[in-house]
Engineer: 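For reference, the structure I am asking about is given below.
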Amino acid sequence: MSGFLPEGTTTWVPGLIILIGMLGIVVPVLPGLLLTLLGVLIWAIDMPGTTPWVIFGLCCVWFAAGLAGQYLIPGKRLKADGVGTGSLVIAALCGIAGMFLIPVVGFFVGFVLGLFVLAYLPQRDGAVAWRRTKAALKAIMTSIGIELIAAVLIAVTWVVGVVIT
């Protein structure tokens, strides 16, 4: 045994953690991007030499870029379209309530409905509310896309590290 993982699992256990992390980005239940980085960290700890740590350091850069991008880029769009952070938090709470009311799709239905109602109430204008709701959904999809790109870069960097070590 070279590290803390059992013999023969040095590659597939971190790979499985990375895969679960990537699925956690698409199905927002798990901290996906963090799990992908954790998979690489476990691999680096278990491998001898400095190359795995260089690979992990590069993955940390992808992680930081992904975090920064997923908050900065969509945030600018949301502010421009008049959607505040408070509205997103309340909509997320509506989404959580929706999970208990409607199995499988309840979070998404509750989230969208919460966004729409919050945008509708101040002006009582359905067109404005729908425009803001669409802007928020686009921003969320952009955020998920940025996070997924960062996770894919982490995974590809890790695969290159596995091949060269």
Side-chain angles (χ1 to χ4, degrees), residues 1-78 83 85-112 114-115 135-165:
M1 188 174 346
S2 62
F4 66 92
L5 289 175
E7 185 103 17
T9 63
T10 301
T11 303
W12 72 264
V13 169
L16 183 62
I17 294 169
I18 291 168
L19 180 63
I20 291 169
M22 293 173 81
L23 290 174
I25 293 169
V26 177
V27 181
V29 175
L30 301 170
L33 194 56
L34 185 60
L35 279 176
T36 60
L37 188 63
L38 178 66
V40 178
L41 175 62
I42 289 171
W43 171 77
I45 290 171
D46 210 54
M47 294 296 293
T50 57
T51 303
W53 290 105
V54 171
I55 296 295
F56 176 70
L58 183 55
C59 288
C60 286
V61 171
W62 296 133
F63 177 80
L67 282 182
Q70 83 179 91
Y71 291 108
L72 294 177
I73 294 169
K76 284 184 179 182
R77 286 186 185 168
L78 287 173
V83 180
T85 305
S87 295
L88 291 175
V89 170
I90 293 171
L93 292 173
C94 291
I96 291 169
M99 285 188 327
F100 295 106
L101 298 173
I102 307 169
V104 183
V105 297
F107 179 82
F108 301 105
V109 171
F111 186 82
V112 171
L115 276 175
L137 290 173
K138 285 179 187 176
I140 290 165
M141 294 308 293
T142 301
S143 177
I144 290 171
I146 291 168
E147 189 175 5
L148 193 55
I149 289 169
V152 167
L153 289 170
I154 289 171
V156 167
T157 303
W158 172 73
V159 167
V160 168
V162 167
V163 169
I164 65 174
T165 54

Engineer: How long is the gap from CG on Leu137 to OG1 on Thr142, to the nearest 0.5 Å?
Structural biologist: 10.5 Å

Engineer: So which atom in Ser143 and which in Gln70 form the shortest heavy-atom distance, rounded to 0.1 Å?
Structural biologist: OG-O, 3.2 Å

Engineer: Can you tell which of Val152, Ile18, Leu148 makes a side chain to side chain contact (heavy atoms under 4.5 Å, CB included) with Thr36?
Structural biologist: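 With Thr36 as partner, Val152, Ile18, Leu148 yield a single side chain to side chain contact (heavy atoms under 4.5 Å, CB included), made by Ile18.
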
Engineer: Indicate yes or no: at least one non-hydrogen side-chain atom of Trp43 is less than 4.5 angstrom from one of Ile55.
Structural biologist: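 They are in side-chain contact.
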
Engineer: Taking all heavy atoms of Trp158 and all of Gly15, pick out the closest pair and write down the distance.
Structural biologist: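 Heavy atoms of Trp158 and Gly15 come nearest at CH2-CA, 3.5 Å.
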
Engineer: Compare every heavy atom of Ala139 with every heavy atom of Pro74, then report the nearest pair and how far apart it is.
Structural biologist: CB-O, 3.4 Å

Engineer: Set out, in order, the CA-CA distance, both residues' side-chain angles and the distance that settles side-chain contact (heavy atoms from CB on, under 4.5 Å) for Leu33 and Leu37, then state yes or no.
Structural biologist: CA-CA 7 Å; Leu33 194 56; Leu37 188 63; over 6 Å; no

Engineer: If you count every heavy atom of other residues, nucleotides or ligands that lies below 6.0 Å from Trp62 atom CH2, does the total exceed 12?
Structural biologist: no

Engineer: Stepwise, does the side-chain contact (heavy atoms from CB on, under 4.5 Å) test hold for Leu88 with Phe111?
Structural biologist: CA-CA 8 Å; Leu88 291 175; Phe111 186 82; 4.2 Å; yes

Engineer: To the nearest 0.5 angstrom, please state how far the OG1 atom of Thr85 sits from the OH atom of Tyr71.
Structural biologist: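 Answer rounded to 0.5 Å: 11.0 Å.
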
Engineer: Where is the tightest heavy-atom contact between Thr157 and Leu153, given as atom of each residue plus distance?
Structural biologist: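 Nearest pair, atom of Thr157 first, then Leu153: OG1-O, 2.7 Å.
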
Engineer: How close do Gly114 and Ala91 get, counting heavy atoms only, and between which atoms?
Structural biologist: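 Closest approach of Gly114 to Ala91: C-CB, 4.3 Å.
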
Engineer: In sequence, state the C-alpha distance, the side-chain angles, and the governing distance for Phe63 and Leu34, and then conclude on side-chain contact (heavy atoms from CB on, under 4.5 Å).
Structural biologist: CA-CA 8 Å; Phe63 177 80; Leu34 185 60; 4.1 Å; yes

Engineer: Decide yes or no for Leu23 and Leu30: does some side-chain heavy atom of the first lie under 4.5 Å from some side-chain heavy atom of the second?
Structural biologist: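 A side-chain contact under 4.5 Å is absent here.
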
Engineer: Using the side chain to side chain contact (heavy atoms under 4.5 Å, CB included) rule, pick out the option among Asp46, Ile45, Ile42 that qualifies with Pro14.
Structural biologist: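 Output: one option passes, namely Ile42.
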
Engineer: Quick check: closest heavy atoms across Ala151 and Ile25, and the distance to 0.1 Å?
Structural biologist: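 Result for this residue pair: CB-CD1, 3.4 Å.
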
Engineer: Indicate yes or no: at least one non-hydrogen side-chain atom of Leu41 is less than 4.5 angstrom from one of Trp53.
Structural biologist: yes

